[in-house]
Amino acid sequence: MYTLRTLPGDDVRQIMWRYADRYDLQMSVQSARGIARTVVAKLVAEGARNTHEWTDQKAELLTAFDQSGLTALFMDPHQGGFIEGPKNLALALAAFELAWVDGGAATCSLATNLALAPIHEKGTPEQRDTYMGQCVPPQPGEDREIRRGAFALTEPLPYIGVDTGVMCGKVRVAEWNDEDPILEVDKRGRFITNMDFANFVTAAVESDDERIKSSCMIILEEEDEGTYDRGAPTLKMVHQLSSTRDPVLKLRVPASRIIGGFEIKDGTIIPKYSHGEIIGSVFHRTRIPVGLMTMAKLISAVEPVIRYHRKRFQGGDAAKEGTPRFDHGIQMNEDALQRLVDVWASGEAGCSLGFAASRLADAFDPIEKAKEKLFEEQGVVGPRKQMMALRKLKDTVQEFVELEHLPESERDAARYQELKDDTLVQFAYMEALAGILNPATKLWCTGVGATVMREAVSLVGGYGITEDCPGFLMQKWTDAQLEATYEGPEAVQRRHMSVTMTSDVFQATVSAWIGQLRRVESDNPGMGAEATASALELWQWTLNHLQNTKDAEGRKLYHNKRQGVTFPMADALGWLLGPYYLILDILELKEKGAMNPVLADGIDDLVAFYMDMANVQAARAAGEAARICTELVYGFANGAPEGVEPFAGLKAKVDAGMAGARLSKDRAGKALSGVMIPEALDYPL
């Protein structure tokens, strides 16, 4: 039996989440943590969340973000930032640290970055440098106010956030000239973050004029001619540390504010990018931090719950000092310990998934830009032509996927390097993977995370739903409900996954994962690799079966409109992604932790504890995925369905893969009873 000496600290996280060699990211984490546990915690403790209005007290957040460098985190050095290159992992880490105390504060920090994201991803070089340069704090010698932005997508009344193709924003020509026509933009927003202090808005609008083609995103400034009404505060009951209003905007702006630029052809303004193209690129990245915000809540609950359980009977006549009841309190009971293991394991799995998605987004950024440049040089323009060109690479991409997941000693190194250097192969692979990981992070982490957070609150009994509950657990639980709807409710994420998870490249990736996990099980038994591999195999078989089968009434089962089939399959996949990436993170910890002077002494015990948590989570995930697959395979037949004999065999392998999972929970729970924690939380109760 191993011993868990202390709760995992930065040395563990830096290895597992792959930023041990990034000093800039470590400093960003420290900055965000410092704000979270001082300014943010103070605001929550003083009741700043008890009003819908943006107050001077809440505005202290903005000052803190500016002074700590978080405001400039998104910018490149020549724009006033301090990190060169993609910053998805940096933003995810900062959001995680802020949400450790309050999700609304994290949202407030991210909102201007979200407003800038369309400009960053698809804006012209002039638009990028202008707006991103204006949004960093003034440099020495500069005399200007820092500007902040808001992002207005669809959010029409009453279809709030339902469909990114449905917009209430319109754009028409107000004054025509061939160089830079003046446009009139009419946009009503709802639930728009930062509107109390936003100086500009990046808004999605569609054409209401035959002289403008399709749709676009456009930049609106508060100084523009017309109405810039910030609107009424949104009466939300969560995330009160972020400003949210329902603005009304009717402004005249030059066409040069169209994000990405435009051309005039035959008397028609043709934006370079439709709003859908821009949003698609933005959502490849911005959903990830929101998922991690919910996961921060789960892991942050561990210490307060342990403290409450141990002290439950101290200070009264219920237990005498020195007795087990006095020292261990509720932790004398197996249930309290093992339920907390479930909460913690869920948080770890979600973090592993989310930070893997962040790292992928960082790798994907330069590849996407290189792909655009290459296609432009080849004259392959437009989404359809590019898609056709990439489709021809299917076999080559699948070859790379197989090599990518083989042990280094077993792969053809020369061929692997050749494919790794191929921009289009890398783009096709990463796009297929990002099309799953990004919506899955948002779907699973916020959806399942909100439910698991309820468990954390219940572990503190009635105290959990009070304002003075340590760790603000009640506020975190309610905040999680909103995080599940940010940037598209759960249905949007499921819809996204149901389309992307059937791609040949992703299916080849799943097959490669299964083989990889079986090799891990052979070398590292007892961490849930076999259960995860078998569940992925069952999921893949079920997907193929549903795509080629009709129900008892003769209707096709896997169909675009049949969300009763496609959406549960997305949920099942979401369950399995967390354990897969947690297993990879633990292997990283096992390899690198032994070389860390802080961790080396107790690394075997620490890895053993994490392996048990992974085993617990893998069993839970495999069980959930198997249940969903069973319902879909058998649930649409009258009586016993035909051709499902292999399913029973695969499901039996899933069951067998759970061997030892409960023993793992026993060990992990017992380890929790002895872990050392600080005397007090490092932020107010």
Side-chain angles (χ1 to χ4, degrees), residues 1-13 15-16 100 298-316 318-349 351 452 455-456 458-461 463-464 469-471 473 524 526-528 582 585-586 589-590 593-594 596-620 660-682:
M1 178 64 197
Y2 54 80
T3 300
L4 182 65
R5 302 177 186 180
T6 61
L7 297 177
D10 282 338
D11 292 295
V12 176
R13 305 297 184 200
I15 293 172
M16 292 181 70
W100 187 277
L298 298 186
I299 299 182
S300 73
V302 171
E303 185 182 327
V305 170
I306 291 175
R307 177 172 288 103
Y308 173 80
H309 282 178
R310 289 183 183 171
K311 295 186 175 180
R312 180 65 180 86
F313 302 119
Q314 295 179 7
K320 293 183 178 178
E321 191 169 349
T323 63
R325 189 177 175 83
F326 183 91
D327 291 336
H328 295 287
I330 295 175
Q331 283 202 332
M332 290 194 304
N333 300 313
E334 199 171 67
D335 180 68
L337 293 164
Q338 297 194 358
R339 283 183 182 276
L340 186 57
V341 168
D342 284 334
V343 172
W344 191 351
S346 297
E348 293 287 349
C351 284
V452 178
E455 287 285 321
S458 72
L459 284 172
V460 193
Y463 197 21
C469 174
L473 300 188
N524 300 273
M527 62 192 302
L582 177 57
D585 283 353
I586 295 170
L589 178 64
K590 184 179 180 181
N596 184 303
V598 178
L599 301 177
D601 185 36
I603 190 64
D604 291 342
D605 284 359
L606 184 62
V607 169
F609 174 73
Y610 264 105
M611 288 176 68
D612 275 337
M613 279 212 299
N615 207 11
V616 168
Q617 186 63 23
R620 173 76 190 282
R662 281 284 170 173
L663 290 173
S664 287
K665 185 175 279 190
D666 282 350
R667 289 192 294 268
K670 190 171 182 181
L672 279 186
S673 69
V675 69
M676 185 169 61
I677 61 172
E679 281 299 313
L681 275 181
D682 57 358

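This structure is a prediction, so every number in the text was calculated from the model and none was measured.
- For the atom pair CD1 (Ile603) and NZ (Lys590), the distance works out to 10.5 Å, reported to the nearest 0.5 Å.
- Atoms CG and CG, from Leu589 and Leu599 in turn, are 7.0 Å apart once rounded to the nearest 0.5 Å.
- Considering every non-hydrogen atom in both Gly464 and Cys469, the closest pair reads CA-SG, 3.7 Å.
- Pairing each heavy atom of Ser664 with each of Gly526, the nearest pair is OG-O, 4.4 Å.
- Under the side chain to side chain donor-acceptor pair (under 3.5 Å) criterion, no residue pair touches residues 318-330, with sequence neighbours excluded.
- Atom CD of Glu348 and atom CD1 of Ile586 lie 8.0 Å apart (nearest 0.5 Å).
- The environment of CZ in Arg339 is sparse: at most 12 heavy-atom neighbours from other residues, nucleotides or ligands sit within 6.0 Å.
- The main-chain N or O of Val598 is found under 3.5 Å from a side-chain atom of Asn596 such that the two form a donor-acceptor pair.
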| request: Applying side chain to side chain contact (heavy atoms under 4.5 Å, CB included), run through Trp100 and Ile299 and close with a yes or a no. | output: CA-CA 8 Å; Trp100 187 277; Ile299 299 182; 3.8 Å; yes
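- Here the closest non-hydrogen pair linking Gly315 and Phe326 is N-CE1, 4.4 Å.
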| request: Evaluate the criterion side chain to side chain contact (heavy atoms under 4.5 Å, CB included) for residue pair Val305 and Val460; output intermediate values, then yes/no. | output: CA-CA 6 Å; Val305 170; Val460 193; 3.9 Å; yes
| request: Mind running side chain to side chain contact (heavy atoms under 4.5 Å, CB included) on Arg312 and Met332 for me, showing each step along the way? | output: CA-CA 11 Å; Arg312 180 65 180 86; Met332 290 194 304; over 6 Å; no
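- The distance from the OG1 atom of Thr3 to the CE atom of Met676 is 12.0 Å, given to the nearest 0.5 Å.
- Between Pro304 and Gly471, the shortest heavy-atom distance links the atoms CG-CA, 4.1 Å.
- Looking at residues two or more places apart in sequence or on another chain, you find a side chain to side chain contact (heavy atoms under 4.5 Å, CB included) between Leu337 and Gln331, Leu672, Ser673.
- To the nearest 0.5 Å, atom CZ of residue Arg307 and atom CD1 of residue Ile677 are 4.0 Å apart.
- Shown here is Met1, whose CE atom has more than 12 heavy atoms of other residues, nucleotides or ligands within 6.0 Å.
- By the 30° and 60° cut-offs, the orientation of the rings of Tyr610 relative to Trp344 is perpendicular.
- One distance of note links CG of Asp604 with CE of Met611; it measures 10.5 Å at 0.5 Å rounding.
- Looking at Asp612 and Lys670, no side-chain N of the basic residue comes within less than 4.0 Å of a carboxylate O on the acidic one, giving no salt bridge.
- Shown here is Glu334, whose CD atom has no more than 12 heavy atoms of other residues, nucleotides or ligands within 6.0 Å.
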| task | Before giving the answer on side chain to side chain contact (heavy atoms under 4.5 Å, CB included), spell out for Val452 and Asp342 the whole-Å C-alpha distance, their side-chain angles and the decisive distance to 0.1 Å. | result | CA-CA 8 Å; Val452 178; Asp342 284 334; over 6 Å; no
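- The local environment of CG in Asp10 is crowded, with over 12 non-hydrogen atoms from other residues, nucleotides or ligands closer than 6.0 Å.
- Counting only distance, with no hydrogens or angles, the side chain of Arg5 and the backbone of Leu606 share no donor-acceptor pair below 3.5 Å.
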